[in-house]
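Just the heavy atoms: all of them, side chains too, but no hydrogens, waters or symmetry mates, feed the values below. Lettering follows sequence order; numbering is per chain, from 1.
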Amino acid sequence: MRWTCLNTKYISSSSVLKPTYVTNTNNHFKFQRFQHYGWYQSRAVGDLPNESLPDTLHAKSVKNGSLDNLDVRNYVTSLYVKSNKLDYAHKLFGESPDRDVRSWTILISGFARIGYCRMVLELFKQMRIERVCPNQFTLSSVLKSCSSLSDFRMGKGIHGWILSNGIDLDVVLDNSILDVYVKCGAFDYAEKFFETMKERDTVTWNVMMGAYMYIGDMEKALDLFRRLPFKDVTSWNTIIYGLMRNGHETYALELLSEMVEIGPPFDKVTFSVALVLASSLYVLELGRQIHGRVLRFGIQNDGFLRTSLIDMYSKCGKMEKASLIFKTLPLRTNSKFTCHETKTEVVSWSSMVSGYVRNGEYEYALLTFCSMVREQIMVDRFSLTSIVSACANVGILLLGQHIHAHIQKIGYKTDVHLGSSYIDMYAKCGSLNDAWVIFKQTVDLNVVLWTSMISALALHGQGKEAVRLFEFMIQEGNKPNEVSFVVVLNACSHAGLLEEGCKYFSLMKEVYGIKPGTEHFTCMVDLYGRAGRLDEIKEFIHKNGISQLSSVWKSFLSSCRLHKNFELGKWVSERLLQLEPFDEGSYVLLSNMCAANHRWEEAAGMRRLMQKRGINKVAGQSWIQQKNQVHSFVMGDRSHPHSREIYSYLDELIGRLKEIGYSLDVEMVMQDVEEEQGEVLLGYHSEKLAIAYGIMSTTSGIPIRIMKNLRVCTDCHNFIKYTSQLLDREIIVRDLHRFHHFKHGLCSCGDYW
DNA sequence: CTAGGGTTAG
């Protein structure tokens with residue numbers, strides 16, 4: 001690994017402070033500027049916040065009456081600000097009989113530094129009302145908040161005010177203004193302003209570099225970077241981060257190692273960026289090395305780095321490591337304005353929640369969320385959307401409803417993110433109606449929200465409805481994105497709408513200029529396959545040059561099996577096994593296809609090959625929720641406490657179903673079992689057990705909802721259809737890919753899944 | 001006795 005070249009030569013560097021440039025001298029201020037390196041600041045400068053100092057001084061000056069003096073009061077306020085006690089500072093400020101520009105500025109810059117932007121703008125407004133004239137420091141801080149909030153109007157207003165009041169623009173103020181325009185996406189303004197700047201320093205170039213990166217103009221940014229006479233640590237951070245965000249991870253990695261060789265020492269942000277880089281490249285080893293360096297620097301307790309580390313480990317699938325780091329989170333402070341810590345604390349929590357969700361550990365996600373509520377951590381929008389998504393994946397409607405109610409209770413407004421999560425959640429928990437309700441309630445519809453609803457319909461077998469909604473969305477002036485097209489193509493394929501699907505595929509390419517990705521191609525192959533146009537698939541694959549995509553071949557193979565084209569299937573599977581020699585699905589598909597064509601020897605050969613290569617297949621599992629318990633079954637399961645009753649009821653039920661036409665077709669079972677072994681225990685697939693238990697333990701009239709981790713086989717599908725007819729019960733089954741709503745002997749999927 | 005640029009989460 002070339003990452004072993006991350007050597008340690010900078011670790012012992014003692015060049016803590018380096019004077020890098022001297023500012024222009026203007027009328028009021030004349031002093032040297034120091035460029036300092038991140039964390040060294042607090043360790044070396046002796047600026048460590050002293051917790052008790054402001055309090056003692058405050059008490060002392062109250063006693064001897066010196067607090068009446070404005071200068072003393074300002075000094076105490078600044079000490080409070082420094083030790084992160086913004087609420088005390090704010091209180092002292094509010095109680096003051098008189099204030100000057102410095103008092104305002106101390107407070108404003110304090111809030112700006114910890115990112116409490118709204119407070120900054122609020123204070124600035126008050127300051128103007130009291131007719132106090134802001135100085136350059138105030139303006140810089142306020143502009144910083146404007147750029148964080150992307151408040152273009154405010155920023156432009158302040159710029160105008162500066163011009164009309166003849167305030168001297170020094171390079172710092174210039175940079176702040178430039179940054180506001182860049183952050184607000186007003187590049188024309190930014191460029192125009194840049195032209196007029198009298199002086200430009202490293203910060204200026206860094207801002208411009210960031211701007212080029214932001215609009216994706218890599219060439220310009222890199223050119224600028226290469227020509228930069230002095231590159232400080234931020235220049236490197238900016239370029240590396242920008243490259244990574246624009247999808248050039250490898251290049252970013254190269255630059256990072258170049259930085260190690262010839263660049264300045266890493267600072268906190270470099271470490272953060274490097275960690276994100278490691279996780280986006282899925283290189284755990286790199287992440288570990290960075291972690292090691294972080295530990296050697298002793299900066300592992302920094303909030304930002306902690307969240308970056310948690311995130312890196314969770315993206316690399318190492319939740320145990322992530323949770324170890326999470327546990328180092330110190331106990332929380334209860335001050336109202338210690339936002340800096342509070343913020344990273346909240347991010348750490350929500351990183352954990354979303355990490356668990358991402359890694360499929362929904363139970364832990366839910367537990368973490370519950371402790372978050374119990375510990376009274378501010379639940380932010382990220383953890384909320386994550387947790388709703390966890391509910392969606394667990395698929396337990398009751399849980400989803402609880403969370404929904406809780407979010408409403410804490411008064412969080414349903415925005416587009418949360419709205420689409422709700423739609424997704426209700427859809428995946430089997431309640432299409434609730435998804436509709438949320439969709440209709442939301443006022444600010446955006447593409448994601450529309451797409452969620454279209455996907456919900458497709459998921460529940462309402463392909464035609466989904467297509468109609470898609471058309472309606474376009475009519476309403478929404479521009480579909482690549483996900484919308486995946487969803488609508490998917491809907492077409494489920495509903496067997498070949499013509500429409502082809503139409504949308506070309507619409508996507510020609511009208512919306514979206515380059516089809518793997519998922520679009522797979523949907524198209526699926527669409528042709530279900531319609532039985534197997535020859536056209538070959539042509540499609542060839543024409544689009546997508547023969548390297550295994551998911552395409554997999555879909556092709558399913559279609560061969562569906563249309564019982566054994567020879568073609570054999571040919572397809574050879575290609576598939578070349579691409580994915582260790583994918584269980586391919587083997588199972590192939591072996592089942594052999595079996596369906598009575599090629600028992602070949603089927604057995606496939607299973608043997610699987611065993612030889614050490615590939616295990618996933619066991620079929622179905623579950624049903626009853627009150628507060630989840631009852632889970634596997635094929636032929638006898639571990640349930642009521643298993644005797646369940647089996648005898650199931651046998652009786654099958655007998656009654658046979659009277660109305662159900663037949664347990666051995667060959668059919670053989671054909672369609674994708675993952676569960678058809679050879680044995682024909683009648684006792686896990687979903688049958690779960691349904692039997694469901695019928696026994698609920699009163700009639702209530703729909704039975706069960707979930708399965710794999711696809712339903714044809715026999716079970718038939719079984720459920722007959723059951724719904726015989727007992728006049730609605731049965732809703734969520735399988736690996738979609739929902740089946742069984743009612744009066746029919747299924748919403750139209751026997752096409 | 002105070003200021004500007006780059007980092008995290010769906």
Side-chain angles (χ1 to χ4, degrees), chain A residues 23 28-29 31 33 35 38 71 74-75 77-79 81-82 100-110 112-113 134-145 147 169-180 182-183 201-211 213-214 232-242 244-245 266-277 279 302-312 314-315 343-344 346-355 357-358 380-390 415-418 420-421 424 448:
Chain A
T23 45
H28 310 289
F29 309 100
F31 55 85
R33 287 231 175 133
Q35 186 70 37
D71 287 335
N74 279 346
Y75 181 58
T77 316
S78 79
L79 286 178
V81 168
K82 263 196 187 160
D100 63 356
V101 203
R102 283 178 304 161
S103 333
W104 286 99
T105 309
I106 290 166
L107 209 61
I108 287 181
S109 62
R113 206 174 33 137
N135 62 23
Q136 306 213 357
F137 299 135
T138 336
L139 290 170
S140 297
S141 296
V142 176
L143 284 167
K144 180 184 175 165
S145 297
S147 74
L169 282 169
D170 76 339
V171 68
V172 173
L173 212 47
D174 269 351
N175 287 336
S176 307
I177 294 167
L178 184 67
D179 186 55
V180 171
V182 166
K183 287 277 161 56
D201 65 3
T202 311
V203 176
T204 319
W205 297 116
N206 288 345
V207 172
M208 286 311 278
M209 216 159 64
M213 278 305 190
Y214 184 74
D232 68 4
V233 68
T234 305
S235 318
W236 289 90
N237 292 343
T238 311
I239 199 85
I240 292 171
Y241 181 72
M244 186 179 69
R245 288 308 280 251
F266 281 21
D267 73 351
K268 273 186 200 171
V269 178
T270 322
F271 282 116
S272 254
V273 170
L275 285 168
V276 182
L277 186 59
S279 57
D302 176 74
F304 233 113
L305 277 174
R306 187 184 293 112
T307 48
S308 300
L309 280 167
I310 291 177
D311 197 52
M312 185 274 293
S314 90
K315 277 191 180 139
K343 254 189 198 162
T344 54
V346 173
V347 177
S348 294
W349 280 88
S350 54
S351 279
M352 281 309 282
V353 173
S354 57
V357 172
R358 181 175 333 142
D380 63 343
R381 61 207 173 101
F382 292 108
S383 45
L384 287 179
T385 41
S386 287
I387 208 65
V388 174
S389 142
D415 60 2
V416 277
H417 292 279
L418 205 49
S420 29
S421 306
D424 189 54
V448 181

What is the distance from [atom1] of [X] to [atom2] of [N], rounded to the nearest Å?
{"X": "A/L173", "N": "B/dT2", "atom1": "CG", "atom2": "P", "result": "18 Å"}
{"X": "A/L139", "N": "B/dT2", "atom1": "CG", "atom2": "C1'", "result": "13 Å"}
{"X": "A/F137", "N": "B/dA3", "atom1": "CZ", "atom2": "C1'", "result": "6 Å"}
{"X": "A/R102", "N": "B/dT2", "atom1": "CZ", "atom2": "P", "result": "11 Å"}
{"X": "A/Q136", "N": "B/dT2", "atom1": "CD", "atom2": "P", "result": "16 Å"}
{"X": "A/K144", "N": "B/dT7", "atom1": "NZ", "atom2": "C1'", "result": "13 Å"}
{"X": "A/R381", "N": "B/dA9", "atom1": "CZ", "atom2": "C1'", "result": "9 Å"}
{"X": "A/I310", "N": "B/dT7", "atom1": "CD1", "atom2": "P", "result": "20 Å"}

Scan [X] against the nucleic acid and name what it touches under 4.0 Å (heavy atoms): base, sugar-phosphate only, or nothing.
{"X": "A/R306", "answer": "nothing"}
{"X": "A/T105", "answer": "base"}
{"X": "A/D174", "answer": "nothing"}
{"X": "A/V353", "answer": "nothing"}

Hey, does A/T77 have a side-chain heavy atom less than 4.5 Å from the side chain of A/S103? no
Under a 4.5 Å cut-off applied to non-hydrogen side-chain atoms, are A/N74 and A/I106 in contact? yes
Donor-acceptor contact below 3.5 Å, side chain A/S389 vs main chain A/T385: no
Check the phosphate of B/dT8 against A/K268, side-chain N and O only, distance under 4.0 Å to OP1 or OP2. Yes or no? no
Could you tell me whether the phosphate oxygens of B/dT8, OP1 or OP2, come under 4.0 Å of any side-chain nitrogen or oxygen in A/R245? yes
Got more than 12 heavy atoms from elsewhere within 6.0 Å of CZ, A/R358? yes
Classify the side chain of A/S109 versus the base of B/dT2 as yes if they form a donor-acceptor pair under 3.5 Å and no if they do not. no
Any N or O donor-acceptor pair linking the side chain of A/T307 to the base of B/dT8 at under 3.5 Å? yes
What nucleotide, of [options], holds the atom closest to the side chain of [X]?
{"X": "A/K82", "options": "B/dT8, B/dG10, B/dT2", "value": "B/dT2"}
{"X": "A/T385", "options": "B/dG10, B/dA9, B/dA3", "value": "B/dG10"}
{"X": "A/S354", "options": "B/dT7, B/dT2, B/dG10", "value": "B/dG10"}
{"X": "A/F304", "options": "B/dT7, B/dA9, B/dT2", "value": "B/dT7"}
{"X": "A/S308", "options": "B/dA9, B/dT8, B/dA3", "value": "B/dT8"}
{"X": "A/F382", "options": "B/dT8, B/dG10, B/dA3", "value": "B/dG10"}

A/R102/A/D71 salt bridge by N-O under 4.0 Å criterion: yes
Evaluate whether the aromatic ring of A/F271 and the six-membered ring of the B/dT7 base sit under 5.5 Å apart, centre to centre, with an inclination under 30°. no
Ignoring hydrogens, what is the shortest heavy-atom contact between A/L305 and A/D302? Give both atom names and the distance. N-OD2, 3.0 Å
